[in-house]
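Order of appearance sets the numbers: ligands from 1, and atoms from 1 within every ligand. These numbers come from a predicted model, not from an experiment.
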Amino acid sequence: MKKYLVVGNPINHSLSPLIHNFWIKENNIKSIYDSQKLNIQDLDKLILSIREGKISGANITVPFKRDIISFLDKLSPEAKDTQSVNTIYLKDNEITGHNTDVMGFKKSIEDIKFNIEGKKILILGAGGVVPSIIYALNKMKASQIMISNRTKSKATNLKKLFKNLDIFNWGDLPDFDMVINATSLGLNEKDTINLDFSNIKKGKFFYDVIYNPAGTNFLSNARKLGHETENGKKMFIYQAASAFEIWHGIKPRIDEKIFELLNK
Ligand code: ATR
């Protein structure tokens, strides 16, 4: 029985075990997918377990997506360029790191047929998932990527990885076609973001990386103001599917059953 894991801190909110175990069962694979809360000093033990074959693969989540890199032998191009890894495994005796968040975000946008090319995008937040979003937006040829974070230095730091970023002060609202909430505001149902979108022209696209809860105030307020909205559920599903394919060599089925599973 092969063993897979998602590791992070905190970890009990993670829906990765639910979705991976569903696909493992559906495809009759002899494996189990578990979750484990780790501290940073435990990362070397995780790597050792993978080298020894005790664990066949792991998803890495907040706050270790960058810290894990120093333990790895090889990175995919997306992982290298974003300095962010969410999927690891042993291949040809090398611990390899991938970033499937990039693909997850990109596919979620393609699914809803929003064309990023030539669009001005505003990102709110500068946490763990943001480099993956910027990388994907560049691939999809956004004309301008703007970023605003409460702690401005974190946004400025991202310019080391992505030279084309435009940084704005928290509270400023530049003109945009699409705005992405990549802050943690919304994880608690009562959270609101202290930005006033009421003077923005209708018909923009509001995207929230948060998928649990499915309807954040950010999205419900946007709908009331006449904007298109999308939450992060598809991004989550696609990043999981991509990790599943890397480990098991099978494209898992994505259908209504998966959405129902995550809605429970
Ligand atoms: P991490 O920073 O560990 O990667 P994250 O959940 O990915 O964690 O990121 C949290 C994001 O939400 C950050 O951009 C954070 O802003 P700061 O960098 O200023 O901390 C943002 N955030 C959290 N609470 C916020 C609040 N009350 N107002 C505005 N932004 C907030």
Side-chain angles (χ1 to χ4, degrees), residues 6-16 35-43 58-70 78-79 81-88 97 99-102 104-105 108 121-137 145-162 165-174 176 178-197 206-214 216-222 231-233 235-236 239-240:
V6 58
V7 302
N9 194 345
I11 199 63
N12 47 11
H13 67 282
S14 174
L15 295 180
S16 291
S35 67
Q36 200 175 352
K37 185 173 155 186
L38 289 190
N39 294 312
I40 193 154
Q41 58 271 26
D42 303 324
L43 290 179
N59 282 135
I60 313 295
T61 188
V62 174
F64 302 128
K65 289 183 181 189
R66 192 181 184 120
D67 299 318
I68 195 73
I69 290 179
S70 59
E78 291 86 355
D81 289 354
T82 56
Q83 287 295 293
S84 174
V85 163
N86 76 332
T87 303
I88 63 176
N99 177 335
T100 71
D101 290 328
V102 168
F105 179 75
S108 77
I121 319 287
L122 172 64
I123 301 170
L124 306 174
V129 77
V130 170
S132 308
I133 290 176
I134 297 171
Y135 183 96
L137 290 171
I145 304 176
M146 303 169 278
I147 180 162
S148 171
N149 191 51
R150 179 179 61 176
T151 311
K152 195 175 182 179
S153 58
K154 279 207 221 161
T156 313
N157 266 341
L158 283 168
K159 260 185 106 87
K160 290 181 196 150
L161 287 180
F162 305 101
L165 282 185
D166 289 326
I167 317 279
F168 288 84
N169 289 326
W170 186 251
D172 288 355
L173 270 191
F176 62 81
M178 174 186 188
V179 58
I180 301 168
N181 176 34
T183 73
S184 46
L185 288 171
L187 286 174
N188 295 316
E189 244 159 88
K190 287 190 183 131
D191 286 348
T192 51
I193 301 182
N194 60 342
L195 297 173
D196 183 8
F197 292 103
F206 281 57
Y207 187 104
D208 202 326
V209 174
I210 295 171
Y211 58 90
N212 187 19
T216 55
N217 283 324
F218 176 72
L219 294 187
S220 56
N221 290 337
N231 70 20
K233 192 167 283 176
M235 177 176 179
F236 172 74
Q239 67 71 31

List the steps and the verdict of side chain to side chain donor-acceptor pair (under 3.5 Å) for Asn39 and Asn9.
CA-CA 7 Å; Asn39 294 312; Asn9 194 345; 3.2 Å; yes
Using side chain to side chain contact (heavy atoms under 4.5 Å, CB included) as the criterion, list what pairs up with Asp81, not counting sequence neighbours.
Tyr135
Donor + acceptor pair across side chains of Thr82, Asn99 (<3.5 Å):
yes
Please enumerate all residues that pass ring pair (Phe, Tyr, Trp, His ring centres under 6.0 Å) together with Phe236, with sequence neighbours excluded.
Tyr211
Amino acids in close contact with ligand 1, where any non-hydrogen atom sits under 4.0 angstrom away:
Gly125, Ala126, Gly127, Gly128, Asn149, Arg150, Thr151, Lys154, Trp170, Thr183, Ser184, Leu185
Partners meeting ring pair (Phe, Tyr, Trp, His ring centres under 6.0 Å) with Phe105 (sequence neighbours left out)
Tyr207
Given Ile180, which of Asp208, Ile121, Val129 fulfils the side chain to side chain contact (heavy atoms under 4.5 Å, CB included) condition?
Ile121
